[in-house]
Amino acid sequence: MPLHKDSPRSEPSAEHRRLALNPFFGEADPTAGMESAPPRHKLPDGALPPATAYRLVHDELMLDGNSRLNLATFVTTWMEPQAGVLMGECRDKNMIDKDEYPRTAELERRCVAMLADLWKAPDPSTAVGCSTTGSSEACMLAALALKRRWAVRNADRYPATARPNLVMGVNVQVCWDKFCTFWEVEPRLVPMEGDRFHLDPQAAADLCDENTIGVVGILGSTFDGSYEPIEELCAALDALQERTGLDIPVHVDGASGAMVAPFLDEELVWDFRLPRVSSINTSGHKYGLVYPGVGWVLWRSPAELPEELVFRVNYLGGDMPTFALNFSRPGAQVVAQYYTFLRLGREGYRAVQQASRDVARGLAERIEDLGDFRLLTRGDQLPVFALTTAPEVTAYDVFDVSRRLRERGWLVPAYTFPANRQDLSVLRIVCRNGFSSDLAELLLEDLRLLLPELRCQDHPLSRDHDVATAFHH
């Protein structure tokens, strides 16, 4: 549902609309045909030739930023042409019509099986999971399963006297706040402290009680690219169970890291090898290397997904199980995910993710060498790093840097950290497949050119940090 407000500007004048249309957009004769551009805020009275409609939309979209230079987003901005062709061939297929499109449904099942094997499920053949529109929907489905399992265990108290809660770090993505608001769950947030910018295992365990539906661990914080210590979190909850009998499950939000760690950090134990990990999600459209929007959520076994949450729909003559917040959605992204799994395999993914990490680490080191910045992270977990200005820099701040880089086409977000570290404002750079060492060199060159001007300022120019630039997850 679009939430954009209508433009406050009035409809352009007839003369403005006449001059807004290039005469060459006419079908054949530049001097004939349309006399003015169509209205912008209501349906036009008549139809347009397809070429004219295309040109009008195409030209307006030129004002968007270049997605390849968007170092704020984690979302994939480049795929091979063959993937684009496949997606074009499948864009009219509705994923819910599994009887009508059985091969698309089969590719979804294969992707789930591949991820179950990748994430070390005890028995990949029995692990259950599904595709989603992205990791936000995947997180909400996993949290719904946690809440329902808790509600069944506490049927004598809920909803009369017990209010469920969910424990997580203050650095979680906004989808977790949405879940708690939409489904009336109390969020219990572990704050940042000092140079710890994500969840502390013992602090998380200390927030748990008999009403805790689960604890969320983030494999790859969007704030700084660091992994949360999932194994240590599970150990703290194991100790809690020994002391109190409370058996608290863990969900791993691996929106980015679940498609990085299996290839680059194989010794890191974070996945279904930990018995306390109940479910895992990831974004296929982030480091899964697929255009938006596709996500995945898996449970270690059918026991972790309550059967009553799975709806069986008699649709177009078929009985189909479905667990999703959406109904109709295109099959193109699922097909693209299977293509990418097939195309790259383990070694291909390892090569792609290693290249992104190498670019991130190299760029972080060279920015540090400039002397004006202090690194918070170095891109050695997610290919993402955060930095702030050095203590002695007083002429400008990170918001000035972000604004000046935008003038050169680079989208680098500047934002303030949450509670307990609101004194800290940072820049964050996301290195994705397609952001090559050549592009990193161009970014560094533009940064070098800007620094002499920034150093000459009397003071930072950004006053309202809330509107200086948005924080993009």
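For clarity, every value in this text was computed on a predicted model and none was experimentally measured.
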K.L.:
Kindly check if the number of other-residue, nucleotide or ligand heavy atoms within 6.0 Å of CZ (Arg91) is above 12?
P.N.:
no

K.L.:
Using the ring centroid of each side chain, check whether Tyr349 and Phe263 are separated by less than 6.0 Å.
P.N.:
yes

K.L.:
Could you state the interatomic distance from CD1 (Ile213) to CG (Asn154), rounded to the nearest 0.5 Å?
P.N.:
11.0 Å

K.L.:
Please name the pair of heavy atoms, one in Glu232 and one in Pro229, separated by the smallest distance, quoted to 0.1 Å.
P.N.:
OE1-CB, 3.1 Å

K.L.:
Treating Ser402 as the side-chain partner and Val398 as the backbone partner, does any N or O pair qualify as donor plus acceptor under 3.5 Å?
P.N.:
no

K.L.:
Between Trp299 and Phe323, what is the ring plane arrangement, given parallel below 30°, perpendicular above 60°, and tilted in between?
P.N.:
tilted

K.L.:
So Phe417 and Tyr415, would you call those rings parallel, tilted or perpendicular, with 30° and 60° as cut-offs?
P.N.:
parallel

K.L.:
Classify the ring geometry of Trp270 against Trp119: parallel below 30°, tilted from 30° to 60°, perpendicular beyond 60°.
P.N.:
perpendicular

K.L.:
Supply the atom-to-atom distance Arg300 CZ to Leu305 CG, rounded to the nearest 0.5 angstrom.
P.N.:
14.0 Å

K.L.:
Would you check if Lys93 and Val334 make a side-chain contact, meaning some heavy-atom pair closer than 4.5 Å?
P.N.:
no

K.L.:
Using the rule given for side-chain contact (heavy atoms from CB on, under 4.5 Å), can you reason through Ile429 versus Ile367, listing the C-alpha separation, both sets of side-chain angles and the distance that settles it, and then say yes or no?
P.N.:
CA-CA 11 Å; Ile429 294 178; Ile367 289 178; 3.9 Å; yes

K.L.:
Salt bridge check, Arg403 against Asp400: does any charged N sit closer than 4.0 Å to a carboxylate O?
P.N.:
yes

K.L.:
CG of Leu43: more than 12 outside heavy atoms within 6.0 angstrom?
P.N.:
no

K.L.:
Between Leu207 and Asn165, is a side-chain contact (heavy atoms from CB on, under 4.5 Å) present by the stated rule, with each step listed?
P.N.:
CA-CA 10 Å; Leu207 289 176; Asn165 65 72; over 6 Å; no

K.L.:
Out of Asn281, Thr282, Thr222, which residue meets the side chain to side chain donor-acceptor pair (under 3.5 Å) rule with Asp253?
P.N.:
Asn281

K.L.:
Applying the side chain to side chain contact (heavy atoms under 4.5 Å, CB included) test to Ile218, which of Glu228, Met168, His251 qualifies?
P.N.:
Glu228

K.L.:
In Å and rounded to the nearest 0.5 Å, what is the CH2 to NE2 distance from Trp296 to His285?
P.N.:
12.5 Å

K.L.:
Strictly distance-based, threshold 3.5 Å: is any side-chain N or O of Arg432 a donor or acceptor partner for the main-chain N or O of Trp78?
P.N.:
no

K.L.:
Would you call Phe197 and Asn171 a side-chain contact if the rule is heavy atoms closer than 4.5 Å?
P.N.:
no

K.L.:
Hey, is the main chain of Leu325 close enough, under 3.5 Å, to the side chain of Glu137 for a donor-acceptor pair?
P.N.:
yes

K.L.:
Check whether any side-chain heavy atom of Cys130 sits under 4.5 Å from a side-chain heavy atom of Val112, and report yes or no.
P.N.:
no

K.L.:
Output yes when a side-chain donor or acceptor of Thr212 lies under 3.5 Å from a complementary backbone atom of Leu166, and no otherwise.
P.N.:
no

K.L.:
Quick one: does Arg68's side chain have a donor or acceptor within less than 3.5 Å of a partner on Gly434's backbone?
P.N.:
yes

K.L.:
For Arg196, I'd like to know if atom CZ has over 12 heavy atoms of other residues, nucleotides or ligands within 6.0 Å.
P.N.:
yes

K.L.:
Look at the side chain of Arg421 and the backbone N and O of Gly194, then say whether any donor-acceptor pair between them is shorter than 3.5 Å.
P.N.:
yes

K.L.:
Which heavy-atom pair separates Leu237 from Cys208 by the least distance, and what is that distance?
P.N.:
CD2-SG, 4.0 Å

K.L.:
Side chains of Asn326 and Ile96: closer than 4.5 Å at any heavy-atom pair?
P.N.:
no

K.L.:
Has Glu60 got more than 12 heavy atoms of other residues, nucleotides or ligands less than 6.0 Å from its CD?
P.N.:
no

K.L.:
Would you say that Lys286 contacts Ser135 through its side chain, given a criterion of any heavy-atom pair below 4.5 Å between the two side chains?
P.N.:
yes

K.L.:
Check whether Thr73 reaches the backbone of Asn70 with its side chain - one donor and one acceptor, N or O, closer than 3.5 Å.
P.N.:
no

K.L.:
Test your reading of the model: is there a side-chain donor-acceptor pair from Tyr287 to the backbone of Gln353, 3.5 Å cut-off?
P.N.:
no

K.L.:
Could you tell me whether Arg110 and Glu106 have a side-chain N and a carboxylate O separated by less than 4.0 Å?
P.N.:
yes

K.L.:
Taking the side chain as every heavy atom from C-beta outward, state whether Leu274 and Val250 have any atom pair closer than 4.5 Å.
P.N.:
no

K.L.:
One thing to verify: whether Glu266 and Arg350 come together as a salt bridge, which I'm taking to mean a side-chain N less than 4.0 angstrom from a carboxylate O.
P.N.:
yes

K.L.:
Using atom types as modelled and distance alone, determine if a side-chain donor or acceptor of Glu304 lies under 3.5 Å from a backbone N or O of Ser301.
P.N.:
yes

K.L.:
Will you find, in the side chains of Ser221 and His198, an N or O donor that is under 3.5 Å from an N or O acceptor?
P.N.:
no

K.L.:
Under the 3.5 angstrom rule, does the side chain of Thr388 hit a backbone N or O of Ser425 as a donor-acceptor pair?
P.N.:
yes

K.L.:
Rounded at 0.5 Å granularity, tell me how far CG in Leu199 sits from CD1 in Ile230.
P.N.:
8.0 Å

K.L.:
Here's a test for you: under salt bridge (charged side-chain N to carboxylate O under 4.0 Å, His left out), which of Arg149, Arg153, Arg276 qualifies with Asp247?
P.N.:
Arg276

K.L.:
For the residue pair Asp224 and Thr377, confirm or rule out a side-chain donor-acceptor distance under 3.5 Å.
P.N.:
no

K.L.:
Could you walk me through whether Glu308 and Val152 pass the side-chain contact (heavy atoms from CB on, under 4.5 Å) test, one step at a time?
P.N.:
CA-CA 11 Å; Glu308 62 266 27; Val152 169; 3.9 Å; yes

